[in-house]
Amino acid sequence: MFLKQVYRYNKWLFAAFVAFGVAQLLVFSKPGIVFSPFYNYGMYSGVIHIKPVYSVTHFEGLKAHEYSPQEWDKIFVTLERYEALPQNDSIYINHIARLYRKIGLSAPNIQHFSLAVPPHVFEAWYSTYVKKTVSNGALKSSLARQTKQYRWTGQKLEPLP
Amino acid sequence: MDWAKTGTASLNLTMQSLTHLLRRRLTTQLLMMFYALAIYKWANGLWMYQMEPIFFNTRFDGTTWLLMQTGVHTWLLHHPAAYGWCDALFYGWPLVYAALWQKKPGSRWAVCVVWLLINWLYVQCYTLYPTNSIEAHLGWLLLPLLLGAQRLQTFYFVLHGLRYVFIFLFFTAGVWKLRQGGFFNVDQMSGILLYQHSSWLVSEPNHWYSQAIYWLVQHPVVGYLLYAGLTIWELVWAVGFFTKRYDCLLFVSFLVFLVTDYALMRIPYTELLPLALLLLFSGYLLPKAEEEQAIAQ
């Protein structure tokens, strides 16, 4: 058995392996918070149904096939992450500060956990950021972003009027 | 020849022990992979200096919270010129390791402690910014532990320990799909595809790729079979807990998964390649202490 071999070789290494395994199993058994490098690999494991309506952002004239998945993610995931910024506050208030208080420590500096980026600051930065990614020279000067509601018709996504 | 005992090394039809030469080969391949991925990320504008992020997203990770308390990630946001230095350290330090590997083997451990620190700081900050998930970078968080091993036997044990981590990753990904119920939902793949590709589908509705995705969404049973097949494949990784015999097959199936996932989901799991590589070196036997000394001499 592998662990037996490790034990015979070096007791410290054995202890480290056991501790690693126990920590990983604990994280696995209690979904929610993780502790790097112990993660849960549950991407797309929850039930996902087709939604009747999708809110989709796109850029006029941007051709998806001209971009690698990484470049595409750079354009769109960044937007999603920005929209998720208010969650920073909620995680800090409801989890981090509460946990610290629970173990008798004062809450850590909120500025290290939460950040307000005003929309005009984000838009100015994002515009430059996207232009660096967009390969089409003509598009760079006229990037128009739109977020619309799309209905799933059973055949395709169709814009709602 | 007992194939069950020799594992992937049995491809060479030998019951060979792990040697310094094999260790060197694996190390070289890992470093080459690191730089191939570095070039790939640079070409996609994914180095920190290319992205110059201005915000971060707090995640549910206790270790990350400890790092965030230091404020290093916010300091970087206010000093964007330092992004380039972070890249230089992260992408440059393996060269220091490679340079000292032969000349000063005694320093290997110390170099790797620094490497570990650099990787942890870089990956933690990098993934707090709007880039990629931290889980994909697991390899770079752990591999310096392997490369820093002074003794060949320690290298052998850490290699196998990391192999178990990699197997656990895939096996539990399958368990999660059962636990969270995705496996039991026939619409699952259709829902995932529409969620994952909505911006693509809206951008180019008539492209062949969009038509292919739409076809899969319209045929949920076909999509479900893909999802169920993936879940079963992930659960099959449990075999790796009991034998190393099929490691080579697991490695090949991982490559197929990598390509398929890139094509169908447009999710690149390339950062996991270095951990997958360990499967090809798991079949070698534990070197004996006296052999290690003899080889070292």
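Computed over heavy atoms, backbone and side chain alike; hydrogens, waters and symmetry mates excluded. Bear in mind the structure is a predicted one, so any value in this text is a computation, not a measurement. Numbers restart at 1 for each chain; the letters A, B, ... are given by sequence-line order, proteins then strands.
- No side-chain heavy atom of B:Pro53 sits less than 4.5 Å from a side-chain heavy atom of A:Tyr129.
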Next on the checklist: I'd like to know whether B:Tyr209 forms a ring-ring contact (aromatic ring centres under 6.0 Å, His included) with A:His65, so could you lay out the CA-CA distance, the side-chain angles of the two residues, the decisive distance to 0.1 Å, and finally the verdict.
Outcome noted: CA-CA 9 Å; B:Tyr209 185 79; A:His65 78 271; over 10 Å; no
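- In this structure, OH on A:Tyr39 lies 9.0 Å from OG on B:Ser133, to the nearest 0.5 angstrom.
- Looking at every heavy atom in both residues, B:Trp65 comes nearest to A:Tyr100 through O-OH, 4.5 Å.
- Aromatic ring centres of B:Tyr164 and A:Phe2 lie closer together than 6.0 Å.
- The backbone N or O of B:Trp176 sits nowhere less than 3.5 Å from a side-chain atom of A:Asn40 that would complete a donor-acceptor pair.
- The parts of B:Asp187 that come within reach of chain A are both its backbone and its side chain, each placing non-hydrogen atoms under 4.5 angstrom from that chain.
- Heavy atoms of B:Val186 lying under 4.5 Å from chain A are absent altogether.
- Between B:His73 and A:His112, the ring planes are perpendicular. Angles over 60° get that label, and only those under 30° would be called parallel.
- Side-chain atoms of B:Thr58 come within 3.5 Å of backbone atoms of A:Phe113 as a donor-acceptor pair (strictly under, hydrogens ignored).
- Between B:Asn132 and A:Arg81, the shortest heavy-atom contact is O-NH2, 3.6 Å.
- Using a 4.5 Å cut-off between heavy atoms, B:Met51 touches chain A through backbone and side chain atoms alike.
- Using a 4.5 Å cut-off between heavy atoms, B:Leu201 touches chain A through its side chain atoms alone.
- Only the backbone of B:Thr70 comes within contact range of chain A, with at least one heavy atom under 4.5 Å from a heavy atom of that chain.
- Under 3.5 Å, the side chains of B:Gln124 and A:Ser36 contain a donor-acceptor pair of N or O atoms.
- B:Phe168 places a side-chain heavy atom less than 4.5 Å from the side chain of A:Leu25.
- Contact of B:Thr127 with chain A is made through the backbone alone, with heavy-atom distances under 4.5 Å.
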Checklist entry - Does the side-chain hydrogen bond (donor to acceptor under 3.5 Å, both in side chains) test come out yes or no for B:Gln196 and A:Tyr44, once each step is laid out? => result CA-CA 10 Å; B:Gln196 175 77 9; A:Tyr44 287 143; 2.4 Å; yes
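- Using a 4.5 Å heavy-atom threshold, the side chains of A:Tyr9 and B:Arg151 count as touching.
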